[in-house]
Amino acid sequence: MWDRLSEQIYLNFIKDDRWQYFTNGLEVTLIIAFFAALLGIVIGLVVGVIRSTHEKTHKLKFLNFLCSIYLTVIRGTPVVVQLMIIYYIILANARNKIPVAILAFGINSGAYVAEIFRSGIMSIDNGQMEAGRSLGFNYIQTMWYVVMPQAFKNVLPALCNEFIALLKETSVSGYIALQDLTKAGDIVRSRTFDPFFPLLTVAAIYLVCVIVLTQGVKILERRLRQSEH
C-alpha cells in the first residue's frame with residue numbers, strides 16, 4: 001500500500017514538476033478572485049447606494065432603472081455564460097485572459113454585493129441620516145461618513161459569504177482556456193489517468209483558502225466590535 005501511495009505521489013506531483021501546475025493555478029485563481037472582489041465591491045457600492053437612495057428619496061429614477069436591468073440580467077444568467085460572452089463576443093480580441101476573467105467575475109459579483117450593500121444601508125435608521133445632515137454634511141458625506149460604516153459592519157458576514165462563493169466560482173475559468181487551479185488538476189489528471197490525487201488536491205487547496213478567508217473575516221469582525229467600545 002505504501003509503495004502504491006508513493007508511486008501515485010511521484011506521478012502526480014514530482015514527475016515533470018507537476019506540482020507547479022497546482023502552484024501556478026492557485027496563483028491565477030487568487031489573482032482573479034482578489035481583483036474581481038475589488039471590482040465587485042466598487043460596482044456593488046455604487047449600485048447599492050443608487051438603489052437605496054431611490055428607495056429613500058424616490059430620486060435617481062433613471063439610474064435606478066439601469067441598475068435594475070443590470071441586476072436582473074446578471075443574477076438571471078449563469079456566470080459561466082457571462083464569462084464566455086465577455087471573452088468570445090465583447091472582448092474577442094483580448095490576448096490576456098486574466099483581465100477578461102476579472103471583469104466577468106467582478107461584474108457578476110457586483111450584482112450580489114449591490115443587494116448586500118442596499119440591505120445594509122436600508123437597515124440603518126433614518127435618524128442617522130438626519131443627524132448627519134444636521135451636522136452640516138451633504139447627502140454624499142452623510143452616506144460615506146455616517147451610514148456606510150454602520151452598514152458595512154452589518155453586512156460583513158454576507159460579504160464574506162459572497163467572496164467565498166466568488167473564489168469557488170472562478171473554477172469555471174477553464175471554459176476560456178485559463179489555467180486556474182481547477183484546470184491545473186484536470187491537466188495533471190489527463191496525464192496520470194488518476195483522478196483521485198489531482199481532484200483531492202484541488203479540493204483541499206480550495207478548502208484551505210476558504211478557511212483562511214473565513215478566519216480573516218472573523219478577526220476583522222472582532223476588531224470592529226472592539227472599536228465600538
Side-chain angles (χ1 to χ4, degrees), residues 31-94 96-130 132-133 137-170 172-173 175-176 178:
I31 290 174
I32 294 173
F34 177 76
F35 288 103
L38 292 181
L39 179 59
I41 290 175
V42 173
I43 295 175
L45 182 60
V46 173
V47 175
V49 169
I50 291 173
R51 296 265 291 163
S52 60
T53 299
H54 174 74
E55 292 187 23
K56 287 177 177 289
T57 66
H58 301 291
K59 297 179 181 179
L60 306 178
K61 291 184 179 180
F62 180 69
L63 290 178
N64 181 69
F65 173 72
L66 294 179
C67 292
S68 298
I69 294 177
Y70 161 71
L71 294 175
T72 301
V73 172
I74 296 301
R75 295 196 298 170
T77 54
V79 63
V80 64
V81 176
Q82 298 166 18
L83 175 64
M84 290 191 291
I85 287 175
I86 292 178
Y87 179 67
Y88 290 110
I89 300 177
I90 299 176
L91 299 177
N93 295 324
N96 192 340
K97 300 171 185 176
I98 292 181
V100 175
I102 292 172
L103 181 63
F105 289 115
I107 292 174
N108 179 270
S109 179
Y112 297 94
V113 173
E115 288 300 281
I116 293 173
F117 275 130
R118 185 190 65 82
S119 63
I121 293 172
M122 296 301 294
S123 69
I124 304 302
D125 188 86
N126 288 332
Q128 297 294 316
M129 177 64 72
E130 295 171 358
R133 299 302 295 271
F137 292 153
N138 58 33
Y139 184 86
I140 296 177
Q141 290 174 324
T142 304
M143 184 67 71
W144 183 256
Y145 293 111
V146 179
V147 176
M148 287 307 302
Q150 300 177 67
F152 178 76
K153 293 179 181 179
N154 293 340
V155 303
L156 187 59
L159 283 177
C160 176
N161 291 333
E162 167 56 26
F163 295 149
I164 288 174
L166 172 62
L167 175 65
K168 293 184 289 187
E169 284 174 354
T170 60
V172 301
S173 299
Y175 277 89
I176 60 171
L178 254 178

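Judged by distance alone, the side chain of S119 and the main-chain N or O of I116 form a donor-acceptor pair under 3.5 Å. A donor-acceptor pair under 3.5 Å links the side-chain atoms of Q150 to the main chain of V146, judged by distance alone. Panel note: side chain Q141, backbone N138; a donor-acceptor pair is recorded below 3.5 Å.
The structure places CD1 of I50 at 8.5 Å from CG of L66, a figure rounded to the nearest 0.5 Å. Rounded to the nearest 0.5 Å, atoms CG (N154) and CE (M148) are 10.5 Å apart. To the nearest 0.5 Å, atoms NZ (K153) and OG (S123) are separated by 12.5 Å. Rounding to the nearest 0.5 angstrom, the gap separating the CG atom in L159 from the CD1 atom in I164 is 11.0 Å. Summarising the geometry, atom CG belonging to N108 is positioned 4.5 Å from atom CD belonging to Q82; distances are rounded to the nearest 0.5 Å. Here OG of S52 is found 4.5 Å from CE of M143. Values are rounded to the nearest 0.5 Å.
Using a cutoff of 4.0 Å between basic side-chain nitrogens and carboxylate oxygens, E130 and R133 are not scored as salt-bridged.
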Determine all donor-acceptor pairs shorter than 3.5 Å in which one atom belongs to a side chain in residues 31-41; sequence neighbours excluded.
none

Practice task
Any chance you could lay out the side-chain contact (heavy atoms from CB on, under 4.5 Å) test for R51 and L71, step after step, and finish with the verdict?
Solution key: CA-CA 11 Å; R51 296 265 291 163; L71 294 175; 3.6 Å; yes

Practice task
Begin with the C-alpha distance, continue with both residues' side-chain angles, and end with the deciding distance and a verdict on side-chain contact (heavy atoms from CB on, under 4.5 Å) for I176 and L83.
Solution key: CA-CA 8 Å; I176 60 171; L83 175 64; 3.8 Å; yes

Exercise for the section: Test side-chain contact (heavy atoms from CB on, under 4.5 Å) on F105 and I86 and set out the steps. Expected result: CA-CA 10 Å; F105 289 115; I86 292 178; over 6 Å; no

Practice task
Show your working on side-chain contact (heavy atoms from CB on, under 4.5 Å) between Y70 and I107 and close with a plain yes or no.
Solution key: CA-CA 9 Å; Y70 161 71; I107 292 174; 3.7 Å; yes

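For I69, the CD1 atom is densely surrounded, since the number of other residues' heavy atoms within 6.0 Å is greater than 12. Other residues, nucleotides and ligands contribute only 12 or fewer heavy atoms inside 6.0 Å of the OH atom of Y145.
Applying the salt bridge (charged side-chain N to carboxylate O under 4.0 Å, His left out) rule to pairs touching residues 59-76 yields nothing, sequence neighbours excluded.
L103 is listed as a side-chain neighbour of L91, based on a closest heavy-atom distance under 4.5 Å. Under the 4.5 Å side-chain criterion, counting only non-hydrogen atoms from C-beta, S68 is in contact with N64.
Partners of N126 according to the side-chain hydrogen bond (donor to acceptor under 3.5 Å, both in side chains) rule, which considers only residues two or more places apart in sequence or in another chain, are K56.
Between G106 and I43, the shortest heavy-atom contact is O-CD1, 4.1 Å. Across all their heavy atoms, A151 and I124 have their closest contact at N-CD1, 3.9 Å. Taking both residues in full, the closest heavy atoms of T142 and G132 are given as OG1-C, 3.7 Å, listed atom of the first, atom of the second, then distance. Across all non-hydrogen atoms, the minimal contact from Y88 to Y175 is OH-O, 3.4 Å.
Checking Y139 against T53 by side-chain atom types alone, a donor-acceptor pair falls below 3.5 Å.
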